[in-house]
Number of protein chains: 2
Amino acid sequence: MSKDRYDLPCNIAQTLNIIGDRWTLLIIHEMMIGRTTFNEIKKSLTGLSSKLLSDRLKYLEEAGLIVSALYSEHPPRYRYKLTESGEALETVFNSLIYWGRHHLPKCYKKLIHASCGHEVDISYHCPHCQTNVDDLKVIEA
Amino acid sequence: MSKDRYDLPCNIAQTLNIIGDRWTLLIIHEMMIGRTTFNEIKKSLTGLSSKLLSDRLKYLEEAGLIVSALYSEHPPRYRYKLTESGEALETVFNSLIYWGRHHLPKCYKKLIHASCGHEVDISYHCPHCQTNVDDLKVIEA
DNA sequence: AATACTTAGTTGTTTTATCACACTCAATCC
DNA sequence: GGATTGAGTGTGATAAAACAACTAAGTATT
């Protein structure tokens with residue numbers, strides 16, 4: 001159920017309450033790149049135990065980030081899929097990849113513009129002004 | 001020193017090895033919005049213990065995300081500041097704020113274009129083509 | 001037909017991480 | 001001179017995670 005590890009009035013803290021547990025983001029990431037079954041996920045995340053994966057999948061389904069669909073009755077077998085809000089974590093992954101690319105001693109992945117192959121930067125676009133903004137501000141909602 | 005909780009060849013996992021511990025991102029965030037001393041940070045993060053803050057600050061300094069500067073000799077008092085790589089986590093915070101804004105039941109912060117006040121979206125800009133890309137790709141580096 | 005293997009977990013124990021609380025030490029506030 | 005503040009350290013308790021073994025149903029192998 002809900003953990004509320006951080007009891008702070010902040011998007012960041014509240015978001016981390018959902019996805020900030022150990023392994024959680026990596027599990028979601030595996031699903032984002034196409035792994036859908038329990039063992040597919042488990043195999044690609046060496047060090048992750050069955051128990052923790054089982055716990056996390058249950059929690060993520062409660063939190064609405066994933067859905068499980070039965071694809072075999074006997075024995076029961078589930079396929080896990082991201083919901084819209086789970087898919088929306090892509091920007092979080094991209095920001096982590098971007099930071100890693102520029103600040104880790106060793107880098108494994110990078111973000112490129114598919115049609116030209118060059119690396120891209122993260123920017124902020126104002127749909128009202130139809131421009132990229134150089135004066136981003138974070139305000140209380 | 002290094003923990004290597006996740007032993008996976010992935011930017012995301014390696015980045016989370018540095019900033020994925022409990023409280024770590026929130027501590028960095030407090031520094032980003034201007035809190036610089038031990039007690040300033042501690043006070044604004046209710047629930048965080050002295051010990052953990054002390055541990056995290058030491059670790060983050062080792063990892064090169066922050067630096068501490070003595071501002072009083074007797075007694076020794078330090079002011080903590082983000083380094084360039086610490087500051088670069090801003091995109092990570094923004095992506096978390098953005099996700100929270102759109103997917104949390106309650107939202108506290110949002111990203112706006114300072115000069116017009118409208119909310120912005122996260123996008124990816126290709127400096128080579130000088131356009132925002134709609135065909136982002138993640139590739140092995 | 002018996003044995004082994006795979007999937008998708010559950011249960012139980014050990015180890016590690018985190019929390020809560022007390023304490024230090026020097027300086028300053030009342 | 002006692003209380004409070006700033007910046008921590010130390011210790012024991014508790015929660016979380018890692019590790020290991022086990023289940024149950026079906027599939028493949030010998």
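Note: hydrogens, waters and symmetry copies are ignored here, and every other heavy atom, side chains too, is used. Everything numeric in this text was worked out from a predicted model, so none of it was measured. Labels below follow one simple rule: chain letters A, B, ... track the order of the sequence lines, proteins then strands, and each chain is numbered from 1.
If you take OH of Tyr6(A) and P of dC19(C), they are 8 Å apart, rounded to a whole angstrom. Rounded to a whole Å, the NZ atom of Lys51(B) is 19 Å from the P atom of dA15(D). Whole-Å rounding puts the Asp7(A) CG to dA20(C) P distance at 12 Å. Atom CG of Leu52(B) is separated from atom P of dT9(D) by 12 Å (rounded to the nearest Å). Going from atom CD of Glu40(A) over to atom P of dG9(C) covers 13 Å, rounded to whole Å. Rounded to whole angstrom, the span from the CG atom of Asp55(A) across to the P atom of dT10(C) amounts to 8 Å. Taking atom CZ of residue Arg5(B) and atom C1' of nucleotide dA16(D), one finds them 12 Å apart after rounding to whole Å. In this structure, Tyr59(A) atom OH and dG9(C) atom P are separated by 19 Å, rounded to whole Å.
The phosphate of dT10(C) (OP1 or OP2) has a side-chain N or O of Lys58(A) nearer than 4.0 angstrom. Residue Trp23(B) places at least one side-chain N or O under 4.0 Å from the OP1 or OP2 atom of dC19(C). At the phosphate of dA17(D), OP1 or OP2 sits under 4.0 Å from a side-chain N or O atom of Arg56(A). Listed pair Ser54(B) / dG8(D) fails the phosphate criterion, with no side-chain N or O lying under 4.0 Å from OP1 or OP2. In terms of phosphate contacts, Tyr80(A) brings a side-chain nitrogen or oxygen within less than 4.0 Å of OP1 or OP2 of dG9(C).
With hydrogens and angles disregarded, no donor-acceptor distance shorter than 3.5 Å links the side chain of Ser54(B) to the backbone of Ser50(B). Proximity of a side-chain donor or acceptor of Asp135(A) to a complementary backbone N or O of Ser115(B) within less than 3.5 Å is detected.
A salt bridge links Glu119(A) to Arg101(A): at least one charged side-chain nitrogen sits closer than 4.0 Å to a carboxylate oxygen.
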Derivation of the side chain to side chain donor-acceptor pair (under 3.5 Å) call for Tyr124(A) and Asn132(A): CA-CA 5 Å; Tyr124(A) 303 92; Asn132(A) 284 353; over 6 Å; no

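With the nearest nucleotide of DNA chain C identified for both Arg22(A) and Tyr78(A), Tyr78(A) has the one nearer the 5' end.
Take Glu30(A) and apply the side chain to side chain donor-acceptor pair (under 3.5 Å) test, not counting sequence neighbours, and it matches Arg35(A), Ser44(A). For Cys116(A), the side chain to side chain contact (heavy atoms under 4.5 Å, CB included) test picks out His113(A), His118(A), Cys126(B), His128(B), Cys129(B), with sequence neighbours left out.
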Would you list the protein and nucleotides 5-7 of chain C atom pairs, both N or O, that sit under 3.5 Å from each other?
| unit_1 | atom_1 | unit_2 | atom_2 | d |
| --- | --- | --- | --- | --- |
| dT7(C) | OP2 | Asn39(A) | ND2 | 3.2 |
| dT7(C) | OP2 | Lys43(A) | NZ | 3.3 |
| dT7(C) | O3' | Arg77(A) | NE | 3.4 |
| dT7(C) | O2 | Arg77(A) | NH2 | 2.6 |

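When every heavy atom of Ile97(B) is checked against every heavy atom of Ile12(A), the shortest pair comes out as CG1-CG1, 3.6 Å.
Within 4.0 Å (heavy atoms only), Lys42(B) reaches no atom of the nucleic acid at all.
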